[in-house]
A.B. asks: 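Dumping the structure here so I can ask a few things about it.
Note on naming: letters A, B, ... go to the chains in the order of the sequence lines (proteins, then strands), and numbering restarts at 1 for each one.
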Amino acid sequence: MADIVSIIRKITKHHLFVPIICLFLVILFNLIDNPQFFRLEMRTSSAGYPTLFGSIISVLNNGTELVFLAIGMTLVTAASGGQDISVGSTIAIAGCVIMRVLCGTETQVYELHNLVIVAVVLGCLAGMLAGAFNGILVSVFRIQPMVATLILFTAGRSIGSMVLGGNKPMVHVDAFSYWGNFIPGIPIPTPIFFALAGVIVIFLVLKFTNLALYAQSVGINENASRLNGLNPRSVKMMTYIIMGVCVGIAAFLQVSRQSSINPITITKNIEMDAILAVALGGNALSGGKFSMAGSVIGAYTIQALSTTLSTHNVPSEGVPAYKAIIIILIVIVQAPVVKEFFGKFWGNLTKKSSGTIRKVA
Amino acid sequence: MKKVFAVIFTFLALFSIVVCSAPALAAPLITVGFVQTNTNESDWRTANTKSMQTALTKEAGFDLKIVFGEGSHEKQVADAQALIQEEVDYLVIAGIQSSGWESVARSAKDAGIPLIMVDRKLDLAEDMYTAMVCSDFEAEGKKATDWLKAQNKGEYNIVHIQGDAGSSAQLGRSKALKDAAAANGWKIVHQQAMKGWDEGLATAEVTNVIDAGTKFNVIFSENDNMARGAETAMDNAGITYGKNGSVIVIAFDANKWALQLVVDGKFNLDVECNPLHGPRIVKLINDIEAGKPVDKNAYVDEEIFDSATITQAIVDARPY
């Protein structure tokens, strides 16, 4: 009995317990309420290619941008103890740079002006530049991250609009849309492969470099890490620049999905989902120790939640309200006060039960 | 120190020459304040803005000032009031929403500035504006529903993707569909007013409709870009559409690229909405200046393009 208790305790104390439970609850709800959610179907698209269809695929596909942002946001949160709220707007900047490189000043483009890879690299550079700007404000000028990133949050979409010179370019080249949709003959949406690659890369980076250690130690105690020979400024800066790369990739997927861009509406409010993914991942938003796996699970949980809401015919303007209710519950459950309460409750329970065991013996 | 002053003085002198001589050289221009909706809204809007810019040039005797609302009706009203304060000669308005323009119209009237409505008709009494150059959006919608009726589908399950809520384009086109659905017993299985006109919004919306398991066989999209966005969502779900597909796609505006999609069989029908208002505005203002009588409520002629009858030649001849 005591063994079981300690095992349960170990499980509930594990850092992935909360994110997995959250995802599990969303899945369980669908399993009971709408088993259609798990149906997979092979269909043929208008272009004549096989296409795998199902809500699960929809979640994995549409959650890709969020996964990339959650990866970046986790590092930023860990090192600087704050969040980057400008990601939606910087996606607009990076996306506009990509479109500008591909389209020049033309609006209807039937032949790309540059190689896609050149555009992606420049888009990522634009993202990194925006990240570096945020990073400097946070690390050198010691401005609160949320305030520092408020600047690009406000200005980013207009900057994007300026990059395009007021044009609304549109690409009519099929090959460009493969990255955000389907590669002919492959029934799985391409963004899913991007997400897989992104997750693998970040786990390899965290495993074989000191990035995680540095980010966490700066986040936990900046002075102590400086005394131990770390440079907190460059560590913070690094996390914001990595965030920029994530933004660049997300922007590329977005513009490829639409073969077009509207900087005013693209990825609107995605920063909130990205921050929530980090919170759902069981990470402290005040920085320090983090779990990347938790954040990735958190990102898919949020996407699953959005899809679940739309499968229940919640109108799109109502989705944020429903989401908010569920998020409040999840965040409250994770709050230290509640955790402490349940900890005590659990402690009393186990004490009593072990007491009875002793009596019986 | 002297040198520095000399340099500064020279610059100031040069600057004042440039500033003062510029207006002196040109003939008196007619200043036209144009309150436009948004910069990157859609291709239609870009073509519309370009048409105004290329028609109302300095060479043609106009000084065009364009201000963009960027999604905010309040900004448009404030900008229009500012233009009236600047005493422009003509005020041209394309309203994001059709209501709430009385105060602007009154100020313009008091200041003696002719008010011209362009593209979208505003809710103003006849005596509050000088003229309008607009599309008849309800007639556009009617053309689409008449065509849809002639398809004899038996069952009509329509997903109605409305444009920017409250704009006259959205209100007119939506009313036509609503009336036709009521008259013919069509089912509108989903309708949603967007917060704009672009692809991304429509993709997200139609993805939700598909995720909800809603069955539909018609997409009634109130512009070209949103129809394209809806098709992205259908591609992801492996739903066929267009000329040889299971879902009929109806779009509005008829941009050149969209007509190419009609030729390719990806759109079934595209209803024209003519954005080339620039030359019409020029003619209208010149007529008013010359004291000629003007057609106060001028609607623009518009046609429909059916994927069954359209030819490549029509697309190639299209200027925008």
A.B. asks: S259(A) versus chain B, heavy atoms under 4.5 Å apart: side chain, backbone, both or neither?
C.D. replies: both
A.B. asks: Using heavy-atom distances under 4.5 Å, tell me whether I57(A) contacts chain B through its side chain, its backbone, both, or neither.
C.D. replies: neither
A.B. asks: Please look at S246(B) and chain A and tell me whether the side chain, the backbone, both or neither of the residue comes under 4.5 angstrom of a heavy atom of that chain.
C.D. replies: neither
A.B. asks: For the residue pair D198(B) and K168(A), establish whether any side-chain heavy-atom pair is separated by less than 4.5 Å.
C.D. replies: yes
A.B. asks: What part of S58(A) gets within 4.5 angstrom of chain B, counting heavy atoms only: side chain, backbone, both, or neither?
C.D. replies: side chain
A.B. asks: Would you compute the distance between atom OG of S46(A) and atom NZ of K266(B) and round it to the nearest 0.5 angstrom?
C.D. replies: 8.0 Å
A.B. asks: Under the side chain to side chain donor-acceptor pair (under 3.5 Å) test, which residues partner D33(A), sequence neighbours left out?
C.D. replies: H312(A)
A.B. asks: What are the two closest non-hydrogen atoms of F182(A) and D235(B), and how far apart are they?
C.D. replies: CE1-O, 3.7 Å
A.B. asks: Output the option from V209(B), N225(B), T49(B) having the highest count of non-hydrogen pairs under 4.5 Å with chain A.
C.D. replies: N225(B)
A.B. asks: When rounded to the nearest 0.5 angstrom, what distance separates CG in N262(A) from CG in N38(B)?
C.D. replies: 8.0 Å
A.B. asks: Roughly how far apart are L201(B) CG and I266(A) CD1, rounded to 0.5 Å?
C.D. replies: 11.0 Å
A.B. asks: Looking at OG1 of T107(A) and CH2 of W257(B), how far apart are the two atoms once the value is rounded to the nearest 0.5 Å?
C.D. replies: 11.0 Å
A.B. asks: Below 4.5 Å from any heavy atom of chain B, which atoms of Y49(A) appear? Answer side chain, backbone, both or neither.
C.D. replies: neither
A.B. asks: By a 4.5 Å heavy-atom criterion (distance strictly below it), what part of P187(A) contacts chain B: side chain, backbone, both, or neither?
C.D. replies: neither
A.B. asks: Identify which part of N244(B) has an atom lying under 4.5 Å from any heavy atom of chain A, answering side chain, backbone, both or neither.
C.D. replies: neither
A.B. asks: Please flag which part of R228(B) lies under 4.5 Å from any non-hydrogen atom of chain A: side chain, backbone, both or neither.
C.D. replies: side chain
A.B. asks: Within this structure, what is the NZ-OG1 distance for the pair K195(B) and T265(A), rounded to the nearest 0.5 Å?
C.D. replies: 12.5 Å
A.B. asks: Which atoms of T207(B) are under 4.5 Å from chain A, going by heavy atoms: the side chain, the backbone, both sets, or neither?
C.D. replies: side chain
A.B. asks: Measure the CG-CG distance between N236(B) and L52(A) for me, rounded to the nearest 0.5 Å.
C.D. replies: 11.5 Å
A.B. asks: Are Q258(A) and T203(B) side-chain neighbours, meaning at least one heavy-atom pair lies under 4.5 Å?
C.D. replies: yes
A.B. asks: Using non-hydrogen atoms and a 4.5 Å limit, figure out which bit of Q36(A) sits close to chain B: side chain, backbone, both or neither.
C.D. replies: neither
A.B. asks: Side chains of K50(B) and N167(A): closer than 4.5 Å at any heavy-atom pair?
C.D. replies: yes
A.B. asks: With heavy-atom distances below 4.5 Å as the criterion, would you say the side chains of M170(A) and E199(B) are in contact?
C.D. replies: yes
A.B. asks: Where is the tightest heavy-atom contact between T232(B) and N181(A), given as atom of each residue plus distance?
C.D. replies: CG2-OD1, 3.5 Å
A.B. asks: Tell me, do N313(A) and T214(B) make a side-chain contact under 4.5 Å, heavy atoms counted?
C.D. replies: yes
A.B. asks: Could you tell me whether the side chain of R43(A) and the main chain of A237(B) form a donor-acceptor pair under 3.5 Å?
C.D. replies: yes
A.B. asks: Is a side-chain donor or acceptor of R257(A) paired with a backbone partner of G200(B) at a separation under 3.5 angstrom?
C.D. replies: no
A.B. asks: Can you give me the closest heavy-atom contact between S310(A) and A212(B), atom names plus distance?
C.D. replies: O-CB, 3.1 Å
